[in-house]
Visitor: 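So that we are looking at the same thing, I have put the structure below in structure tokens.
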Number of protein chains: 2
Amino acid sequence: MDNLDRGIIDLLRQNARASYGDIGGSVGLSASAVKRRVDRLVADGVIRGFTIQVDPTVDGYNTEAYVELFCRGTVAPDELLRILSGVPEVVDAGTVTGSADAIVHMRARSIPALEDALERVRIAPNVDHTRSAIVLSRLIHRTHD
Amino acid sequence: MDNLDRGIIDLLRQNARASYGDIGGSVGLSASAVKRRVDRLVADGVIRGFTIQVDPTVDGYNTEAYVELFCRGTVAPDELLRILSGVPEVVDAGTVTGSADAIVHMRARSIPALEDALERVRIAPNVDHTRSAIVLSRLIHRTHD
DNA sequence: GTTGAAATCAATCGTAT
DNA sequence: ATACGATTGATTTCAAC
């Protein structure tokens, strides 16, 4: 993982379909040297996958919320993970400092679908209550992963 | 935007480097028909870009926070967008319902770097104060974009 | 949307550093 | 151990249908 790898990663972040030749031209390597490094980065798990960024308003998943989770007593991160894994509307979640135990970013196709997903989160044994902030307008979506 | 387009998008989400021929084999089109559709989806802004998913722990960006933004008076989404665009640590942001004006998801290389980025957000004219929740452990990272 | 041809690229190997 | 250069097969691309 040297500066060459970082350069390759930066270029792939901007365009995951760039040819190895083009990448090599930018970082100063031959196409095959670049391919070898990319293969290694994928094998090592540094590059987790190649994907596209899709306009969320187009595929219908344009109803979002940030939800604070308040649990009873102490809750192990593993347990929260188990609960949240079962709800596909959960895009992103982490335990946090502050009064809430976790913050959950959810995305659904509609308000009813969001409410339904929220219900599935809330029904979990140790969840005491939640506080949701519905997203009115999306400002930034720098999805570098 | 029909079911064929949706199928193509789903396949590209899983592997943005899949060949047009392979995609065509899955959705029942020729390679050139697939390319034509992908080109159109990109031109129409449905596909915003081709990127890679990078292990955040490897490239060092493993310090995250959810930040609530409280502004003075009314703040136009456009203005918030302008402020936040200048801070690369902002991964994701949206205006929300509730007492906060916006929620900002940030990612930095360290706590000092996060603090510095937060300072750049706070310095903006209409930002009154912020409330941050530092992420302790990441639970879910379903990066469908 | 399809086919087919030409240009480009990917993947592999031997070789050099 | 890593990069390079050339070759072969696959893929992209663009034309005409």
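Sequence lines set the chain letters: A, B, ... in the order given, protein chains first and strands last, and positions in each chain run from 1.
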Visitor: Does anyone know the first and last nucleotide of DNA chain C in reach of chain A, 5' to 3', at under 4.0 angstrom to a heavy atom?
Guide: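 Result: C/dC9 to C/dT12.
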
Visitor: Which pairs, with at least one residue in residues 126-137 of chain B and sequence neighbours excluded, count as a salt bridge (Lys or Arg N to Asp or Glu O under 4.0 Å)?
Guide: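 For residues 126-137 of chain B: B/Glu68-B/Arg131, B/Arg72-B/Asp128.
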
Visitor: Under 4.0 Å, counting only non-hydrogen atoms across every strand here, what does A/Arg37 touch: a base, just sugar-phosphate, or nothing?
Guide: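 Sugar-phosphate: the residue A/Arg37, judged by heavy atoms under 4.0 Å, touches backbone atoms but no base.
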
Visitor: Do nucleotides 11-17 of chain D as a string where each nucleotide becomes B, S or -: B if the base has a protein heavy atom under 4.0 Å, S if just the sugar-phosphate does, - if no protein is that close.
Guide: SSSB---

Visitor: Which residues end up grouped with B/Val135 if you chain together Ile, Leu, Val, Met, Phe, Trp and Tyr wherever their side-chain heavy atoms are less than 4.5 Å apart?
Guide: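 When side chains under 4.5 Å apart are linked, the cluster holding B/Val135 also contains A/Tyr66, A/Val96, A/Ile103, A/Val135, B/Tyr66, B/Val96, B/Ile103.
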
Visitor: Run the side-chain hydrogen bond (donor to acceptor under 3.5 Å, both in side chains) test against A/Arg17 and tell me which residues pass, sequence neighbours left out.
Guide: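 Scan of A/Arg17 (side-chain hydrogen bond (donor to acceptor under 3.5 Å, both in side chains), adjacent residues dropped) gives none.
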
Visitor: Given axes from five pairs at either end, by how many degrees does the helix from C/dG1-D/dC17 to C/dT17-D/dA1 bend, rounded to 10°?
Guide: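 The helix from C/dG1-D/dC17 to C/dT17-D/dA1 shows an end-to-end axis angle of 30°.
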
Visitor: Is a donor on one side and an acceptor on the other found under 3.5 Å between the side chain of B/Ser132 and the backbone of B/Val67?
Guide: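 No; zero donor-acceptor contacts below 3.5 Å.
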
Visitor: Just to verify, what does A/Asp10 make a side-chain hydrogen bond (donor to acceptor under 3.5 Å, both in side chains) with, not counting sequence neighbours?
Guide: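 side-chain hydrogen bond (donor to acceptor under 3.5 Å, both in side chains) list for A/Asp10, sorted by chain: empty.
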
Visitor: Apply salt bridge (Lys or Arg N to Asp or Glu O under 4.0 Å) to B/Asp78 and list each qualifying residue two or more places apart in sequence or on a separate chain.
Guide: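 Partners of B/Asp78 under the salt bridge (Lys or Arg N to Asp or Glu O under 4.0 Å) test: none.
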
Visitor: If you look only at distance, which donor and acceptor atoms sit under 3.5 Å apart when one is on a side chain in residues 79-89 of chain B and the other is two or more places apart or in another chain?
Guide:
residue: B/Ser85; atom: OG; partner: B/Leu81; partner atom: O; Å: 2.5
residue: B/Glu89; atom: OE1; partner: B/Arg120; partner atom: NH2; Å: 3.4

Visitor: Mind checking what makes side-chain hydrogen bond (donor to acceptor under 3.5 Å, both in side chains) contact with A/Asp44, not counting sequence neighbours?
Guide: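 With sequence neighbours excluded, A/Asp44 shows a side-chain hydrogen bond (donor to acceptor under 3.5 Å, both in side chains) to no residue whatsoever.
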
Visitor: Using atom types as modelled, flag every donor-acceptor pair under 3.5 Å from a side chain in residues 19-29 of chain A to any protein atom, sequence neighbours excluded.
Guide:
residue: A/Ser19; atom: OG; partner: A/Asp22; partner atom: N; Å: 3.1
residue: A/Ser26; atom: OG; partner: A/Asp22; partner atom: O; Å: 3.4

Visitor: Identify, with sequence neighbours excluded, every residue that meets salt bridge (Lys or Arg N to Asp or Glu O under 4.0 Å) alongside A/Asp101.
Guide: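 Counting only residues at least two positions away or on another chain, A/Asp101 forms no salt bridge (Lys or Arg N to Asp or Glu O under 4.0 Å).
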
